[in-house]
Amino acid sequence: MGCESEEDKVQQMITGRWTLTEAQRNNRVTESLASLYFIFREEGTMETNLLGTEEMYFYTVSPTEIIQKGPRMDPIKYQINQLSDSSAELSTSLRNFNFVFKLRKDGFHEE
């Protein structure tokens, strides 16, 4: 105990499947991303349908951000606004739009 890095803590908390509870595009709630999900795996791969199709990517974490990397794309940086065992809020900028994703970890249910 105590020697675990912040990156390790974030990695442990982020690992799993996350589904969207709310998305905002340029500070307005949008329904167009209703089926959005992220699956983060311990070995540094992730799956998401953010760009329209289900695809696998690599990712790295720090205490403040997640960086998604793929062979045919520029990296996508997600700022970690909030992260707990059961919920997360990530923000990013894509194609000149600012997005906020409110996510719930599968397997956790709000009371």
Between atom [atom1] of [X] and atom [atom2] of [Y], what is the distance when rounded to the nearest 0.5 Å?
X   : Y   : atom1 : atom2 : answer
E31 : R25 : CD    : CZ    : 10.5 Å
L90 : K77 : CG    : NZ    : 15.0 Å
L33 : Q24 : CG    : CD    : 11.5 Å
S84 : E89 : OG    : CD    : 11.5 Å
I14 : E42 : CD1   : CD    : 13.0 Å

Heavy-atom side-chain contact between [X] and [Y] under 4.5 Å:
X   : Y    : result
I76 : I67  : no
T19 : L103 : no
Q68 : T48  : yes
M13 : K105 : no
K69 : T60  : yes
R41 : E47  : yes
V10 : T64  : no
I66 : V61  : yes

Okay, side chain of [X], backbone of [Y]: is any donor-acceptor separation there less than 3.5 Å?
X   : Y   : result
S93 : N96 : no
T92 : F99 : no
N26 : N98 : yes
T15 : Q11 : yes

### Task
Could you please spell out the steps behind the side-chain contact (heavy atoms from CB on, under 4.5 Å) verdict for M46 and E55?
CA-CA 8 Å; M46 65 180 282; E55 292 201 42; over 6 Å; no
### Query
Tell me the ring-ring contact (aromatic ring centres under 6.0 Å, His included) pairs involving residues 63-89, sequence neighbours left out?
F38-Y78
### Task
Sort and list the pairs that fulfil ring-ring contact (aromatic ring centres under 6.0 Å, His included) and have at least one residue in residues 42-76, not counting sequence neighbours.
F40-Y59
Side-chain heavy atoms under 4.5 angstrom apart, residues restricted to Ile, Leu, Val, Met, Phe, Trp, Tyr: same cluster for [X] and [Y]?
X   : Y   : answer
W18 : M56 : no
L94 : I80 : yes
L20 : L50 : yes

### Query
Are R104 and E22 close enough for a salt bridge, meaning some N to O gap below 4.0 Å?
no
### Query
So, S87 versus Q82: side-chain donor-acceptor pair below 3.5 Å or not?
yes
### Summary
Residues passing the side chain to side chain contact (heavy atoms under 4.5 Å, CB included) test with N49, sequence neighbours excluded, are S35, L36, Y37, E54
Can you name the residues that form a salt bridge (charged side-chain N to carboxylate O under 4.0 Å, His left out) with [X], not counting sequence neighbours?
X   : result
R28 : none
E6  : K9
R17 : D106

